[in-house]
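Here is the structure we will look at.
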Amino acid sequence: MEKKYNFKAIEEKWQKKWEQDDLYHVCEDSEKPKYYVLEMFPYPSGNLHMGHVRNYSIGDVVARFKTMNGYNVLHPMGWDSFGLPAENAAIKRGVEPAKWTKENIANMRRQLHSMGLSYDWDREVTTCLPDYYKWTQWLFIQLFNKGLAYKKKAAVNFCPSCATVLANEQVVDGGCERCGTLVEKKDLEQWFFKTTDYAQRLLDDLEKLPGWPDKVKTMQENWIGRSEGMEVIFHTEQGDEMPIFTTRVDTIFGVTYMVLAPEHPLVEKLTKGTVYEKDVAAFVNKVKNMSQIDRTATDLEKEGLFIGAYAINPVNGKKVPIWITNYVLMEYGTGAVMGVPAHDSRDFDFAAKFNLPVIEVITPEKGVGHETLTEVYEEDGYLINSGEFDCMANRPEGMAAIMDFIEEKNMGKRVVNYRLRDWLISRQRYWGAPIPIVYCPKCGAVPVPEDQLPVLLPTDVEFKSTGESPLTTSPTFGETVCPHCGEKAKREMDTMDTFVCSSWYYLRYCDPLNKEQAFDKKKADYWMNVDQYIGGVEHAILHLMYARFFTKVLYDMGLVSVEEPFANLLTQGMVLKEGSKMSKSKGNVVSPEAIIDKFGADTARLFILFAAPPERDLEWNDSAVEGCYRFLNRVYRLINDEADKDLIANAQALDSTALTKADKTVRRAVHSAIKRVTEDISDRFNFNTAISAIMEMVNAIYAYKNEAAINGAVLKEAKETLVILLAPFAPHMAEELWQELGYMTSVHKESWRTFDPDALVLEEVEIAIQINGKVKDRMLVAADLTADDLLDLVQGHEKFTEWTGGKTVVKIVPIPKKLVNIVVK
RNA sequence: GCGGGAGUGGCGAAAUUGGCAGACGCACCAGACUUAGGAUCUGGCGGGCAACCGUAAGGGUUCAAGUCCCUUCUCCCGCACCA
């Protein structure tokens with residue numbers, strides 16, 4: 001009776017055994033090269049989805065492959081477990097966030113176990129547990145002490161009806177998601193990290209990351225948004241300084257008006273007590289209450305209002321009106337802009353709408369201006385109407401000359417501006433790491449001393465549907481004493497953005513149980529940086545930028561020795577069904593648990609790796625999953641074939657000088673599979689082609705078994721190689737079959753095989769005979785023929801005139817092992 | 001609008017350095033075994049009767065183009081008035 005592939009029994013058996021043997025536990029080991037492979041840790045929403053399965057399958061192949069190649073591999077897993085969903089569950093279902101999160105983690109951990117992943121679970125990290133967030137708080141204090149954490153007023157979304165702060169995601173069409181009331185902007189004191197201090201380094205060091213996709217680097221580059229320009233100080237008629245930022249100072253003689261952001265402090269000052277005051281205030285109010293999204297939408301109608309004041313252009317003393325508009329942002333530059341309608345399309349539209357004058361200062365032809373400019377001119381050319389700078393090329397000479405002029409006269413200076421803003425980390429929420437700050441009436445904002453950490457989240461809180469932070473409902477949390485002077489003091493009520501927790505977890509994995517420090521530097525030095533980071537592209541900007549920022553800050557403090565956390569980054573594509581992302585609302589979700597139950601984890605893993613290369617989106621296909629299941633069955637039957645047992649048991653050492661043609665053919669398949677799988681995993685992460693190489697090898701072994709004479713040594717080599725190559729992809733099946741082949745040790749501790757180049761050598765190859773690039777014939781020739789040999793062979797061939805059809809031969813191009821192209825006329 | 005990526009059989013895809021397009025798999029078709037087949041095995045499978053034609057469309061370079069260059073189109077992702 002043939003053995004049946006009982007995946008359930010096999011997978012459970014080996015998962016249990018691996019756990020008992022602590023097979024995936026690692027320590028620092030100076031004898032071996034280290035390799036740190038990391039998948040982005042999940043938010044414990046309750047259930048694994050296919051995106052997770054894909055992410056962890058990829059990571060697991062890399063981890064197992066590197067282990068088999070002699071590396072000491074760190075492959076950890078944990079939980080990004082603070083965040084809003086837990087709090088919402090508390091409000092909706094009355095279950096405490098801690099309990100809800102814990103149960104979700106338990107369930108997802110069980111699901112991860114059922115996938116047979118090679119994690120060192122002794123290093124599990126959970127960001128919502130005090131032994132982790134203690135160090136998140138400690139890190140906050142380090143940043144605070146370095147002046148990198150500071151407080152300032154910032155606008156938040158506020159629902160006046162619910163009297164609560166809303167996250168951006170809770171604002172729907174400008175209204176509160178709960179009650180629909182129009183959301184207002186409210187200024188609150190909030191904590192920030194000074195990411196802007198690191199803008200230039202975050203930008204420059206992208207060049208040190210050749211192992212990152214260009215796409216991600218470009219996204220980060222754009223997000224940092226460096227631009228070089230000038231800050232020029234205009235003055236109002238009344239003498240107030242009004243600095244502006246421009247990248248086009250070459251057009252400064254063309255200024256015909258100025259624009260301020262509605263929030264600009266000068267707006268109120270300049271209009272107070274004038275006839276413009278009321279209208280301006282109304283305009284400002286209207287713009288302020290627009291959501292950030294609406295406000296920055298490109299199709300937003302440009303609105304503007306003259307505020308009754310004038311500014312003086314420092315370069316020519318010209319008096320120009322000051323306006324306010326909805327498209328100038330207070331957060332970028334200085335919140336004030338010069339309007340040059342002739343050479344900026346936005347300014348051109350604005351001037352046209354409000355009938356403002358246009359002065360041409362750049363022309364395509366030297367010294368020749370237009371009577372009137374009917375359309376914006378944004379190209380380069382020659383300066384005109386620009387005083388002493390006339391007739392210069394606007395760039396680069398004109399630009400440089402005007403910059404020098406302005407700096408000489410102290411009217412402004414060259415500056416670099418970034419779009420990157422400081423990172424707002426305050427959340428008016430409960431389920432996050434409390435910000436470890438105490439407000440003392442005497443001493444001000446005082447960090448909680450290290451020996452008093454962690455600042456624990458209180459449990460005596462209420463979860464109300466009004467949306468106010470539950471932390472504020474605790475009768476015990478807020479009141480404390482000042483660590484400095486011992487007087488009564490109040491605790492900070494805000495918690496940290498969960499992105500703070502996930503900005504350093506890769507370091508905690510290096511030393512997860514440390515009670516004395518966030519991590520031991522020696523251990524971090526051993527493991528860091530992460531050799532391969534794998535995750536969804538949706539984290540391309542925020543998470544990856546914050547993690548890079550943290551690493552740089554810690555580097556500057558001497559706590560780590562690397563300046564970049566992730567040497568190589570793989571961004572995986574989405575898992576789709578019927579062309580769109582799996583989602584509950586679309587009802588096209590395929591549950592990993594159901595698939596594992598029906599076909600086993602090995603099949604699920606194999607399919608998800610085989611169906612597409614990892615960066616590309618992957619279309620789920622039920623029958624293709626069955627195909628992978630059939631393939632594993634085929635492998636199972638092949639290795640278990642009773643007929644081969646004696647042959648393999650009695651096999652002599654492989655004698656490569658005494659092989660039949662069939663022996664050589666199957667060995668070629670085996671060794672080229674080793675070559676291809678090795679290269680596909682290590683150089684390209686193309687697991688799909690690696691798997692197809694294994695499939696071809698299986699086909700070749702089956703073909704070999706039909707031969708009259710089978711060499712036991714060759715068959716043994718083939719079967720063992722197959723199991724080893726399959727081990728990273730289908731770990732349970734490989735382990736089972738390795739045992740079936742008579743081994744008592746784990747296949748996952750086995751050494752990866754190297755291919756024998758001699759086994760790849762072909763004696764004969766089929767080449768194509770082309771006429772003018774079209775294949776006319778094929779012939780079998782010795783593989784070692786040189787180009788000259790080929791030329792002779794073809795020219796002297798009996799079919800030569802048949803091929804050429806009697807036409808004139810212009811030339812013959814022989815390509816060894818490939819083809820011969822005969823060019824005729 | 002700007003930036004990035006993609007477009008190859010009925011489908012997922014492969015072609016790694018310019019060298020025989022479609023490996024591998026799914027679906028489908030035929031056959032074998034079988035009481036039976038949604039198991040397994042064997043064979044076929046881009047289009048066309050053929051000469052030939054085929055990698056989004058058009059042009060170019062080359063002995064040779066899916067691959068290089070130019071033009072255009074479509075789709076996906078990111079950013080979105082950044083002065």
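Residue numbers start from 1 in every chain, and the chains themselves are labelled A, B, ... in the order their sequence lines are given, proteins ahead of strands. For the numbers below, each heavy atom of this structure counts, side chains included, while hydrogens, waters and symmetry mates do not.
For A:Arg630, counting side-chain heavy atoms from C-beta on, the closest listed nucleotide (B:rA39, B:rA83, B:rG78) is B:rA39. Distance from the side chain of A:Arg346 is smallest to B:rC82 among B:rA14, B:rG12, B:rC82. Considering only the side chain of A:Ile541, B:rG78 comes nearest among B:rG78, B:rC63, B:rA80. Nearest nucleotide to the side chain of A:Tyr327, out of B:rC82, B:rG4, B:rC81: B:rC81. Comparing atom distances between the A:Trp223 side chain and each of B:rC77, B:rA80, B:rA64 picks out B:rA80 as nearest. Nearest to the side-chain atoms of A:Tyr332 among the listed nucleotides B:rG19, B:rC82, B:rC24 stands B:rC82. With distances taken from any side-chain atom of A:Asn821 to the nucleotides B:rC82, B:rA13, B:rC63, the minimum falls on B:rC63.
Contact annotation: A:Arg419 does not reach the phosphate of B:rA83 (side-chain N/O to OP1 or OP2, under 4.0 Å). Listed pair A:Asn699 / B:rG25 meets the phosphate criterion, a side-chain N or O lying under 4.0 Å from OP1 or OP2. A sub-4.0 Å separation between OP1 or OP2 of B:rA23 and a side-chain N or O of A:Arg676 is absent. Dashed line: the shortest gap from a side-chain N or O of A:Ser227 to OP1 or OP2 of B:rA83 is under 4.0 Å. Residue A:Arg616 places at least one side-chain N or O under 4.0 Å from the OP1 or OP2 atom of B:rA14.
Rounded to an integer number of Å, the gap from CZ of A:Phe599 to P of B:rC26 is 13 Å. We find that CZ of A:Phe729 is positioned 15 Å from P of B:rG25, with the value rounded to whole Å. Rounded to whole angstrom, the span from the CG atom of A:Leu609 across to the P atom of B:rG25 amounts to 17 Å. Here the P atom of nucleotide B:rU17 and the CD atom of A:Glu679 are 12 Å apart, to the nearest Å. Taking atom OH of A:Tyr629 as the reference point, atom C1' of B:rC26 lies 17 Å away to the nearest angstrom. Put simply, CE on A:Met50 is 19 Å from P on B:rG12, counting in whole angstrom units. Residue A:Lys302 contributes atom NZ, which lies 15 Å from atom P of B:rG1 at whole-angstrom precision. Between the CG atom of A:Asn633 and the C1' atom of B:rG38 there is a distance of 14 Å, given to the nearest Å.
Taking the C1' atoms as reference points, B:rA56 lies 10 Å from B:rU8, given to the whole Å. Nucleotides B:rG48 and B:rG43 are separated by 23 Å at their C1' atoms, to the nearest Å. When the P atom is used for both B:rG31 and B:rG37, the distance is 12 Å, rounded to whole Å. When the C1' atom is used for both B:rU55 and B:rA65, the distance is 11 Å, rounded to whole Å. Between B:rA6 and B:rU67, the distance separating the two P atoms is 13 Å to the nearest Å. Straight-line distance between the C1' atoms of B:rC63 and B:rG12: roughly 35 Å, to the nearest whole Å. To the nearest whole angstrom, the two P atoms, one in B:rA27 and one in B:rG18, are 36 Å apart. On the P atoms, B:rC45 is 12 Å away from B:rC24, given to the nearest whole Å.
Aromatic ring centres of A:Trp323 and A:Phe350: separated by under 6.0 Å.
No side-chain N or O of A:Thr603 forms a donor-acceptor pair with one of A:Tyr5 less than 3.5 Å apart. Side-chain contact, A:Asn417 with A:Ser227: no donor N or O sits under 3.5 Å from an acceptor N or O. When only modelled atom types and interatomic distance are considered, A:Asn686 and A:Asp680 share no side-chain donor-acceptor pair under 3.5 Å.
No salt bridge links A:Lys302 with A:Asp349; every basic N to acidic carboxylate O contact stays at or beyond 4.0 Å. Classification of A:Arg248 and A:Asp344 as a salt-bridged pair fails, no side-chain N sitting under 4.0 Å from a carboxylate O.
Residue order along RNA chain B, read from the 5' end via each residue's closest nucleotide, puts A:Asn222 first among A:Asn222 and A:Gly773. If A:Phe245 and A:Lys811 are placed on RNA chain B by their nearest nucleotide, the residue sitting closer to the 5' end is A:Lys811.
The one candidate from A:Phe599, A:Phe631, A:Trp620 that meets the ring pair (Phe, Tyr, Trp, His ring centres under 6.0 Å) condition with A:Phe607 is A:Trp620.
As judged by a 4.0 angstrom heavy-atom cut-off over every strand, A:Pro213 is placed among residues making no nucleic acid contact. Heavy atoms of A:Val813 sit under 4.0 angstrom from at least one base atom. In this structure, A:Ser345 reaches neither bases nor backbone, as no heavy-atom distance under 4.0 Å exists between it and the strands shown. Among the protein residues, A:Gly627 comes within range of the sugar-phosphate backbone only, with heavy atoms under 4.0 Å from sugar or phosphate atoms but none that close to a base. Looking at heavy-atom distances under 4.0 Å, A:Phe631 makes no contact with the nucleic acid at all. A:Asn688 comes within contact range of the sugar-phosphate backbone alone, with a heavy-atom separation under 4.0 Å but no base atom that close. When heavy atoms are screened at a 4.0 angstrom cut-off, A:Glu766 is found touching base atoms of the nucleic acid. Within 4.0 Å of A:Asp347, counting heavy atoms only, lies no atom of the nucleic acid at all.
Rounded to the nearest 0.5 angstrom, A:Arg630 CZ and A:Glu626 CD are separated by 6.5 Å.
Residues that satisfy the salt bridge (Lys or Arg N to Asp or Glu O under 4.0 Å) test with A:Glu696, not counting sequence neighbours, are A:Arg676.
Using cut-offs of 30° and 60° for the angle between ring planes, the A:Phe245 and A:Tyr332 rings count as perpendicular.
Side-chain atoms of A:Arg414 never come within 3.5 Å of backbone atoms of A:Glu228 as a donor-acceptor pair (strictly under, hydrogens ignored).
Under the 4.5 Å side-chain criterion, counting only non-hydrogen atoms from C-beta, A:Phe729 is in contact with A:Ile681.
Annotated as syn: B:rG9, whose O4'-C1'-N torsion sits within 90° of 0.
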Tabulated below should be each protein N or O lying under 3.5 Å from an N or O of nucleotides 47-52 of chain B; please produce it.
from, atom 1, to, atom 2, distance (Å)
B:rC52, OP1, A:Lys776, NZ, 3.0

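The cationic group of A:Arg346 does not satisfy the cation-pi geometry with A:Tyr327, failing either the under 6.0 Å distance to the six-membered ring centre or the 45° limit from the ring axis.
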Parsed dot-bracket for RNA chain B after applying the Watson-Crick and G-U rules with both distances under 3.5 Å and | for other-strand partners is (((((((..(((......[....))).(((((.......))))).((....))..(((((..]....))))))))))))....
